[in-house]
Each structure stands twice: as structure tokens, then as C-alpha cells.
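Notes follow once the structure below has been shown.
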Amino acid sequence: MADSTATLDAWAEQEYKWGFVTDIEADSAPPGLSEDIIRFISAKKDEPEWLLEWRLRAYRHWLTMSPPHWQFLPRGYGPIDYQSIIYYSAPKQKGDGPKSLAEVDPKLLETYEKLGIPLEEQMMLAGVAVDAVFDSVSVATTFKETLAEKGVIFCSFSEAVKEHPELVQKYLGTVVPYSDNYFATLNSAVFTDGSFVFVPKGVECPMELSTYFRINAMNTGQFERTLIVAEEGASVSYLEGCTAPMRDENQLHAAVVELIALDDAKIKYSTIQNWYPGDKDGTGGIYNFVTKRGKCIGKRSHISWTQVETGSAITWKYPSCILQGDDSIGEFYSVAMTNNRQQADTGTKMIHIGKNTRSYIVSKGISAGFAHNAYRGLVQVNRSAENARNYTQCDSLLMGDQCGAHTFPYIDVRNPTAHVEHEATTSKIGEDQIFYCTQRGITEENAVSMIVNGFCKEVLKELPMEFAVEADKLLSISLEGSVG
Amino acid sequence: MTAMLEIRNLHVSVEGQEILRGLDLTIKPGEVHSIMGPNGSGKSTLAQVLAGRDSYDITDGSVVFRGKDLLDMDPDERACEGVFLAFQYPVEIPGVKTTQFLKAAVNAIRAHHGEDELDAADLMGHFREKMKLVHIEPDLLRRSVNEGFSGGEKKRAEIFQMAVLDPALCILDETDSGLDIDALKIVADGVNSMRSPDRGFLVITHYQRLLNYIVPDFVHVLVDGRIVQSGGKELALQLEEKGYGWINAPVGAGA
């Protein structure tokens with residue numbers, strides 16, 4: 001007879017398949033955080049003086065701050081010893097950085113291949129441009145030339161600082177200021193690399209852009225910084241994916257992503273986050289404390305966030321939109337899946353400033369095992385935002401009876417013409433549903449993943465085609481047979 | 001001809017309470033058996049147990065299906081071996097299209113028999129053919145499984161699924177409940193068109209009405225977890241006329 005509990009256990013014991021370590025020589029800073037370390041990072045990257053100053057301002061501000069504890073994490077999170085983290089770790093290179101794929105360390109390429117993203121193959125087949133960040137530095141950016149023909153800049157953040165300093169200086173920190181919040185401020189002080197995208201006026205980026213983040217070295221934090229600018233009428237779709245080896249210590253990932261959309265520009269930002277979640281007892285795993293925000297500066301601009309979050313011990317992030325331009329649109333589509341002892345407090349903020357601004361939020365939270373999953377969202381309609389519209393739909397799916405789903409919607413309306421709708425549902429994955437599927441010949445595991453994928457459909461369909469399949473697989477793997 | 005389904009002395013409990021108390025039933029290929037009985041007699045329990053629902057304790061007895069121990073199989077295995085249950089209350093599965101759902105089911109069953117998967121085009125051809133049987137609109141297939149279906153649509157969809165999956169044993173659990181007479185005829189026509197010398201049917205119903213349209217070879221009366229009387233189709237008519245109380249008396253079955 002079918003034994004749901006056994007299947008649940010089997011799933012809980014599923015191994016994290018991306019947990020291997022690459023044995024590669026690294027060029028690292030000593031652990032700890034100080035002005036000297038920041039100067040070290042800045043010097044390593046050969047940065048201009050203004051950037052070092054910006055980092056130091058952030059650091060000095062950070063020293064005056066204390067870590068936030070308002071998030072809903074029933075199990076809390078361990079104190080983070082910022083002095084034991086290594087803030088800079090780079091795979092050792094011969095001489096200067098790689099000029100092309102041929103110069104990249106084969107071991108690194110192997111790692112990416114293991115992760116299922118063979119750079120060369122992706123170049124050939126998918127037409128996806130990939131920027132791969134390994135610990136602290138960007139390793140290879142593919143397809144650069146094809147993009148350059150269109151005037152699209154897609155490179156590592158460090159390279160952007162060197163090659164396009166005026167653009168970086170113009171936009172850096174304009175959406176997430178260095179003083180924004182504890183982890184964003186820390187990031188501003190110590191960020192090491194990340195991606196930079198610039199799509200000039202009127203250009204539709206000819207391919208999906210993609211970054212792959214990988215934490216490899218022990219005791220390193222990953223502090224990447226991504227900046228995407230779409231000028232008037234430009235459009236771009238960007239995707240990031242993340243994995244990390246299995247380790248018993250918690251590792252900090254504190255990234256910052258800033259998006260800027262000018263008039264009629266459109267930015268679509270998709271995330272498939274699969275950082276190591278810790279083992280089934282909650283040991284180890286990534287603390288994913290990330291600040292993501294987009295600014296629709298221009299009229300009729302459009303920013304869309306899609307995230308599929310299955311990894312990390314703790315996920316704590318709110319990809320948000322500041323809808324400043326009239327008729328601008330912000331969207332947030334999220335699947336957050338937590339199992340075992342994972343905790344997630346995630347959602348979005350939609351700040352309506354311009355007239356006729358619209359926002360759309362679809363959040364799907366799935367909890368299994370002993371996990372806790374919270375949706376936290378703010379819809380703010382300012383006085384200036386005539387005829388603002390928001391629709392929020394927030395659904396939770398529970399698997400088993402030891403997990404929790406929580407919803408914290410904040411609605412702040414200061415203009416009487418606003419229309420704000422919020423719908424929320426909580427359901428338990430039914431034995432009836434599973435039995436119905438198995439009675440038709442479908443295995444219990446496939447039944448669960450089919451039901452969950454159905455639950456997430458509205459979000460998954462927002463992912464770029466090339467990655468929808470990947471997300472689908474990932475959910476199935478993270479989900480197999482979790483029924484109580 | 002040898003039996004397709006052989007139930008011997010089946011005892012089933014739920015939370016310590018015995019629901020089926022020594023049930024015997026044999027179905028041969030080509031036969032249509034009907035089980036009738038008052039509410040709470042154990043009709044639906046029998047259907048669920050045969051399909052492999054795990055919330056029941058089987059305390060005694062055996063069920064052999066085409067020579068294999070049915071009780072030893074998981075529900076999906078039973079389905080692959082040819083057991084189909086048309087549910088009394090088909091559940092909704094939001095976000096999963098009926099076509100996608102049936103594709104998974106058809107291919108799981110094919111894989112079980114070592115056959116290649118059918119591709120989308122072949123499947124659609126197969127679906128179209130079966131849709132005519134129960135007057136299913138193509139639109140229904142594009143919608144999520146049972147989501148927002150009317151009562152009649154759900155029952156027709158069950159029979160459609162049954163036709164698509166082509167099972168050896170069809171169990172219909174109160175398929176007539178909640179159907180108006182037109183819908184009932186459509187469902188019955190669908191079932192009748194599937195009658196064949198290789199297929200067995202177990203039609204569970206509370207009312208005789210359905211049996212005007214699906215004419216059974218055998219009728220069994222289930223009371224208090226036991227079959228207390230068996231006969232031909234005329235037994236159903238007697239029951240309709242006299243009610244279940246009439247059955248209780250001569251057999252003396254009681255709690």
C-alpha cells in the first residue's frame with residue numbers, strides 16, 4: 001500500500017545534487033572585515049578612488065547599524081560572525097583575467113558543466129549569454145561580441161567599473177542607496193563582483209542574458225552586485241541561477257540588485273535560486289539575505305520580477321518596484337518552496353508614485369517538513385499616484401502538519417482613486433488529489449510534483465522558455481512525495 | 001472462463017470500526033455486476049479498497065485480480081494493471097490541464113506494459129475519438145482537471161478518462177448521483193459502448209434508476225458489510241419497489 005509518510009521521508013532525505021566542491025587554488029583575503037580589507041578588495045580590482053570612497057562610506061555607516069530582527073523566522077538565525085567571513089576569494093589565474101573561454105581554467109568550466117550549464121554548449125544551442133560568478137569574481141562572459149554589435153553591454157561588474165565607469169557612477173546606488181539596510185550596506189562596502197547590463201535607447205536585447213552564481217570556497221560570503229539599466233524604449237530579459245556546496249556552517253549571501261527602466265523600457269528579471277538549504281536537521285545552508293529593487297523612472301516603463309526560490313536555509317528578500325513614471329507597471333511572480341527546516345520570509349514592495357501606475361503580485365508559497373514560509377508584501381499608493389491599481393494574489397500550500405504558512409500584507413493607500421485588491425488562500429495538498437492521480441496510474445511522486453507545478457503554474461509560465469523546464473525539474477526534485 | 005476479480009472473505013476496518021465483514025464477490029470478464037445497498041452499508045469502502053486507498057485497514061481476506069494479489073499493489077500499480085475507479089466525488093487539480101494529466105496517466109500505463117510513450121499528436125487523436133463517446137467538448141480538455149466543472153461534467157469526464165485509459169475492470173462509484181436524466185443517459189451510453197467480452201464492470205449505486213440504462217448481469221445487495229442477496233437484474237427492481245428493509249428481514253443481518 002502507498003505509504004505517504006515513507007515517501008515524505010524519502011524526499012526529506014533527497015540529497016542536494018549541487019553540493020560538490022571544486023578543488024581549485026584560490027586567491028583569498030584573510031578573514032575579517034575592516035577598512036583595510038575594503039581597501040584590499042578595491043585595490044585588487046583596481047578601482048577608481050570614488051568607488052573606494054563609496055565603499056568606505058557604506059562601511060562606516062554599517063558600523064552604526066544593527067542587524068534586523070523583524071522578519072518572521074520562528075527558528076531565528078544564528079549570530080553571524082562578520083569577522084570570520086572571507087570577503088574576497090577568487091580562483092587563481094595565470095596572469096591577467098581570461099580574455100576568452102579558451103583561457104578559463106578547465107576545472108572551472110568543468111564545475112559549470114556539472115551544474116548543467118556548459119558555457120560553450122549554451123552559447124551554441126540556446127543563444128543565451130552567460131556570465132558566471134564563482135565565489136567573488138566573474139569568470140567568463142559569453143556572447144559578448146554578438147551583444148556589442150547591438151550596443152548592449154553585458155559584463156562583470158568589475159569590468160564595467162573599468163570600461164564604463166561613467167555609467168556605473170551614474171547609476172550605482174540610485175535605487176538601493178548604500179545606507180538602505182543592514183545587508184545592502186554591508187554589500188555596498190564589500191561587494192566583489194556581479195553583473196552589469198546596459199541596453200541603449202531603442203534596443204531590444206537580442207537574447208536572454210543569464211548569470212550563474214556559485215559559492216565554492218569555505219567561509220566565504222558572496223556579495224555580488226548587479227546593475228541593469230534599460231534606456232528609453234529598450235528591453236531586456238535577465239536570469240540568474242545559484243548553487244553552493246554542502247557545508248555545515250551557514251554561509252552568507254548578501255547581494256544587491258538594482259534595475260533602472262527609463263521611458264517605455266522593459267526589464268524582466270528572473271531568478272532560480274537553489275542555494276544549499278542545509279541538511280534535514282537544519283545544519284548548514286546559505287543565508288540568502290538579498291536586496292532587489294527596480295525603479296520605473298520612465299513613463300510606461302515596466303519591471304517584472306519572477307523568482308523560483310527552492311534553496312537556502314533562510315531566504316529573506318523582497319524584490320520591489322518603485323513606480324515613479326506615469327503609467328509604469330511593476331510585477332512580482334514568486335514561488336517560494338521550503339522543506340525540512342528551511343525558513344523563508346519573502347515578498348515584494350510596490351511603491352506607486354506616478355499616475356495610472358499598476359502593479360500585479362502573484363505569490364505561491366509551499367511549505368513541507370518543518371519549514372516556515374511567510375509572504376510579506378507592501379502595496380503603497382502615494383498621494384501623487386492618481387488611479388493606481390494593484391492586484392495581489394497570495395496562495396499557500398501546506399504539505400504535512402508540521403510546517404507553517406504565514407501572510408503579512410501591508411497596504412498603505414494615500415490616494416482615494418486607488419484600487420487595491422488582495423486575495424489569499426491556504427490549502428493543504430490533499431490525499432484525495434494524490435489518490436486521484438495514482439488511481440490513474442501516475443506514481444505518487446509524479447502526482448505530487450504535478451499538483452505542485454499546477455499550483456505554481458501562473459508563476460512558472462512567466463519564466464523564459466529556456467528556464468521553465470529547469471525550474472520545473474528543480475521543483476520536482478525539491479518536492480518529491482512530500483505528503484503528510 | 002476464469003474469474004477476473006475474486007474477493008474472498010474481505011474484512012475492512014476504519015479506525016477500529018469494521019465496515020466490510022466478510023465480503024465475497026467474483027467477477028468474470030464481460031460481466032456487469034451491480035452492488036446496491038443502503039447508505040453506510042460499505043459500498044464506497046469496497047470501491048476505495050479495491051482502488052488502493054490507504055486509509056483502510058484490511059484485517060482479513062484476499063483479493064485476486066487476474067491472478068495477482070491486488071492488495072499487495074500500490075494504487076498506481078493497480079491502475080496500470082487495469083483497475084479503474086470512476087470517483088463519486090472527482091477532485092479538482094488546479095493548474096493541471098486535463099490533457100496533461102491524461103498524457104501522464106496514459107504513458108505511465110504504457111510504460112508499465114513496456115510500450116513506448118505516445119506523442120502529443122497520437123494522444124490527441126486518441127482523445128478525440130473517445131470524446132465523442134460521452135459528448136465532451138474539446139474545451140473541457142484544455143481546462144484544469146475537474147476545476148470549475150459542473151456535477152454532470154465531472155461525471156462525464158470520469159467516463160471519458162475511463163474510455164481513454166481502457167481498463168480491464170471498471171468500478172463506478174455512484175456515478176449516477178447528482179445527474180439529471182439526460183446526463184445519466186449520456187454517461188450510461190458511454191459505459192455501454194465500452195462493454196466487451198474482455199472487460200468487467202462493478203457498478204455501485206444506491207438507486208435502481210441507473211440500472212435501467214446500464215443493465216447488469218448480476219445484482220448484489222450489500223448490507224452491513226456483507227452481500228446478503230444476489231440475483232439477476234430483476235432483483236434491482238424488487239429493491240426499488242420494496243426498499244432495503246425488505247432485504248434485511250429474511251437474512252436477519254444486523255449489527
Side-chain angles (χ1 to χ4, degrees), chain A residues 1-8 10 333 335 362-364 366 393 395-397 423 425-463 468-469 471-472 475-476 479-481 483-484, chain B residues 47-58 70-98 100-113 144-147 154 157-158 161-162 164-167 171 173:
Chain A
M1 305 232 76
D3 188 337
S4 317
T5 328
T7 325
L8 176 66
Y333 301 95
V335 170
V362 179
S363 162
K364 305 277 183 177
I366 302 153
Q393 185 192 331
D395 300 321
S396 307
L397 188 67
E423 285 182 28
T425 65
T426 300
S427 52
K428 206 173 154 180
I429 189 162
E431 276 181 48
D432 287 347
Q433 286 176 322
I434 293 166
F435 182 57
Y436 189 80
C437 298
T438 54
Q439 209 299 305
R440 299 302 186 245
I442 299 163
T443 63
E444 186 163 324
E445 286 188 353
N446 288 344
V448 171
S449 91
M450 187 184 272
I451 293 164
V452 168
N453 277 299
F455 173 77
C456 302
K457 178 103 335 145
E458 286 158 284
V459 173
L460 297 180
K461 74 176 168 41
E462 294 299 322
L463 285 175
V469 182
D472 211 69
L475 274 176
S476 304
L479 273 172
E480 277 163 3
V483 198
Chain B
Q48 299 272 321
V49 165
L50 290 177
R53 186 80 193 227
D54 69 354
S55 35
Y56 299 91
D57 297 321
I58 294 158
L70 190 71
L71 300 180
D72 197 36
M73 299 180 203
D74 285 338
D76 54 316
E77 231 180 315
R78 299 179 194 205
C80 290
E81 287 287 325
V83 175
F84 183 94
L85 171 63
F87 284 79
Q88 184 179 4
Y89 304 109
V91 295
E92 302 186 356
I93 308 179
V96 178
K97 278 186 195 167
T98 305
Q100 177 196 353
F101 175 75
L102 277 175
K103 184 182 179 207
V106 166
N107 284 328
I109 293 170
R110 291 181 68 87
H112 182 80
H113 295 294
S144 298
V145 177
N146 295 320
E147 196 182 34
K154 280 185 183 169
E158 289 294 286
Q161 290 189 23
M162 187 165 93
V164 165
L165 299 180
D166 194 24
I171 305 167
D173 187 7

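Please read all numbers here as calculations on a predicted model, not as lab measurements. Here is how names work: the chains are called A, B, and so on, in the same order as the sequence lines, proteins then strands, and each is numbered from 1.
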Just to verify, what does C80(B) make a side-chain contact (heavy atoms from CB on, under 4.5 Å) with, not counting sequence neighbours? I109(B), H112(B)

N446(A) side, atom CG; N107(B) side, atom CG - distance, nearest 0.5 Å: 11.5 Å

Between V91(B) and F435(A), is there a side-chain heavy-atom distance shorter than 4.5 Å? no

Residue [X] versus chain A: region with a heavy atom under 4.5 Å:
X       : result
L85(B)  : both
P167(B) : neither
F101(B) : both
V106(B) : neither
E77(B)  : neither
E81(B)  : neither

Note: V96(B) and G454(A) closest approach over all heavy atoms is CG2-CA, 3.8 Å

How close do A108(B) and G441(A) get, heavy atom to heavy atom, and via which atoms? CB-O, 3.2 Å

Listed by chain and number, what are the side-chain hydrogen bond (donor to acceptor under 3.5 Å, both in side chains) partners of D432(A), not counting sequence neighbours? R53(B)

Which residue out of M450(A), Q439(A), E458(A), Q433(A) racks up the most heavy-atom pairs below 4.5 Å with chain B? Q439(A)

Looking at F84(B), is its backbone amide N or carbonyl O close enough to the side chain of R440(A) to form a donor-acceptor pair, meaning the two atoms are under 3.5 Å apart? no

Students often mix this up, so state it plainly: with edges at 30° and 60°, are the rings of F87(B) and Y436(A) parallel, tilted or perpendicular? tilted

In this structure, are over 12 heavy atoms from other groups packed under 6.0 Å from K97(B) atom NZ? no

Portion of C437(A) that has a non-hydrogen atom of chain B nearer than 4.5 angstrom: both

